[in-house]
Each structure stands twice: as C-alpha cells, then as structure tokens.
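Here the structure comes first, spelled out in structure tokens, and everything after it is commentary.
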Amino acid sequence: MKAFLAVVGLLLALIIGCAGGAVYILSQDLPEVMSLEEFTPPTSTIIMAADSTVIGEIALERRTVVPYSKIPQAMVDAILAIEDQRYFDHIGINVFRIFSALIVDIIEGKKVQGASTITQQLAKMLFLTPEKTVARKVREALLSFEIEKNYTKEEILALYLNQIYLGNGAYGIAAASKVYFNKDVGKLNLEECALLAALPKAPAKYDPFRHPEEARQRRDLVIGNMLELGKISE
C-alpha cells in the first residue's frame, strides 16, 4: 500500500509540475494589460452639415464610446444576468461555472454552455485569437487575472460594453442603441437593455430584424434572469 501511495504521489507531483511548467511558459509572452490605459477603440466619424445636422457616418467599426457613468443600471444588470452573474465576486474566472458547464457538456455529449466570464471575453477580444485550444484558454485566464488586478470592475465592464460586437455593424452598446432603437444609450428602457444583452452570444442568430421571435425569446430569458436575481420586480 505504501508503494502504491508513493507512486500515486509521484504521478500527482509530475502532473502538477508539468502543469505549472506549461502555465509558466504560456505566461512569458503575454500582452501587457497596462496598455488598456491607452486603449482607444476605433470610433465612427460623423459628417455634419453647416447647421449641425448629421448627414452621414464613416466607420470601419460603428462605435461610440460611453463612460461607465453614462451606462444605465438596467443595462449593467441585464448583461450580468445573462453573461456573468457572479461578475462582482470572481477574480477573472469563475471556477464553479467552469465545472458546472463541463458537467452539462458531458451530459449533453457536446458543448452546450459557455464558462467564460466577462473579463475572459474582454481578454480574448482585445489580446487573443478566437481559436479554441487549451493553450489559448490558459492564456485567457492568466490575462484575466492581470486585468482584474490592475483595473476596477467598473472599468473592465465599461471596456467590455464599449467593445462587444452586437450585430449589424454595431460595436458597443451606444452604437447598438442607435442601430436598433435610434436613441441614446441613456434613454434605453428595460426591455431594450435586455434585448441588447441578449445579442453578444450570437448577434446573427438573435438579430431582431431578421429573427424577431428568437430575439424576443432570448430577451425574455434575460428579463427572467434579472427577476430571479432580484434586479427587477414581478
């Protein structure tokens, strides 16, 4: 029995050592997250007439950056309700969510649930490629820890909400608010915030112009989650 335990212990030590070595190697060439302080995403160029009326817009990415203070609380609650319910509690990754998603995927026999936090999604959008490999996920987690260490939750969430693609050429919630509702983000109502929160998972699939029923169902899922979390009343 002692020999068996010794072998098991040795194997565990080797596994931990190899894993630690792999993490160390992958951490050596990570992007510098402090560059987020100078990060300026592409925005739209507005063309105005002499009387200050808007007559056109030029953009590679249709985007208008808004500070966290200008984002409606309903928008914050909606996006967290569907994308990352424990956002203000975790340190970049949600271990419980990873294991629960893994269990669901095993039961279903395919990838069903995502486990990435908003911080991980931001790290992938800004610094990494979308390839689905273990190495990329490890780098994503390491970058998420660094981002969480250097920025406040509000700063991270503002970057995410200004960067995320929401379909029909709209990057960020301010541009999406104009595209889908023709209004400023600060004037969005609850249902509109919920619809925008429904889009990041699959902007084309839940496009309200092309797939209104699918968009409505996912919007209602967001609202249902908000109700369960106590963010809205019945």
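Bear in mind that the values here come from a model prediction, so they are computed numbers and not experimental data.
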Can you find a heavy atom in the side chain of [X] that is under 4.5 Å from one in the side chain of [Y]?
X	Y	result
E148	H90	yes
F145	I93	yes
I71	V185	no
Y160	D84	no
I79	Y87	no
D184	K178	yes
C193	V222	no

Check your understanding: Name the one of E83, K137, Q121, K124 that satisfies side chain to side chain donor-acceptor pair (under 3.5 Å) with S116?
Key -> K137
At their closest point, which heavy atom of [X] faces which heavy atom of [Y], and how far apart are they?
X	Y	value
A170	Y165	O-CD1, 3.3 Å
A174	T64	CB-O, 3.2 Å
G186	P72	CA-CG, 4.1 Å
A81	M226	CB-CG, 3.7 Å
L166	G172	CD1-O, 3.7 Å
A215	Y206	CB-O, 3.2 Å

**Study point:** Qualifying residue for side-chain contact (heavy atoms from CB on, under 4.5 Å) with Q85, from L80, N94, N225
**Key:** N225
Review point. Donor-acceptor pair, Q217 side chain versus E214 backbone, under 3.5 Å?
Key: no
Check your understanding: Under the 3.5 angstrom rule, does the side chain of S144 hit a backbone N or O of E140 as a donor-acceptor pair?
Key ->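 Between the backbone of E140 and the side chain of S144 there is a qualifying donor-acceptor contact (under 3.5 Å).
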Could you measure the distance from the [atom1] atom of [X] to the [atom2] atom of [Y]? Nearest 0.5 Å is fine.
X	Y	atom1	atom2	result
Q120	L142	CD	CG	10.5 Å
I147	L159	CD1	CG	8.5 Å
L199	I173	CG	CD1	12.0 Å
L196	I82	CG	CD1	13.5 Å
E191	R219	CD	CZ	6.5 Å

**Study point:** Pair D207, N168: side-chain N/O donor-acceptor within cut-off below 3.5 Å
**Key:** yes
Review point. Using a distance-only test with no angle check, is there a side-chain donor-acceptor pair under 3.5 angstrom linking T119 and K153?
Key: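 No donor-acceptor contact under 3.5 Å links the two side chains.
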Exercise for review: Using a cut-off of 6.0 Å, state whether more than 12 heavy atoms not belonging to K183 lie near its atom NZ.
Suggested key: yes
Review point. When clusters are formed by joining ILVMFWY residues with side-chain heavy atoms under 4.5 Å apart, either directly or through shared neighbours, do F181 and F209 land in the same one?
Key: yes
Check your understanding: Same hydrophobic cluster for L190 and L227, using side-chain heavy-atom links shorter than 4.5 Å among ILVMFWY?
Key ->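 The answer is yes; both residues are in one hydrophobic cluster.
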Check your understanding: Y151 and L122: side-chain contact (heavy atoms from CB on, under 4.5 Å), yes or no, with the steps?
Key -> CA-CA 12 Å; Y151 298 93; L122 180 66; over 6 Å; no
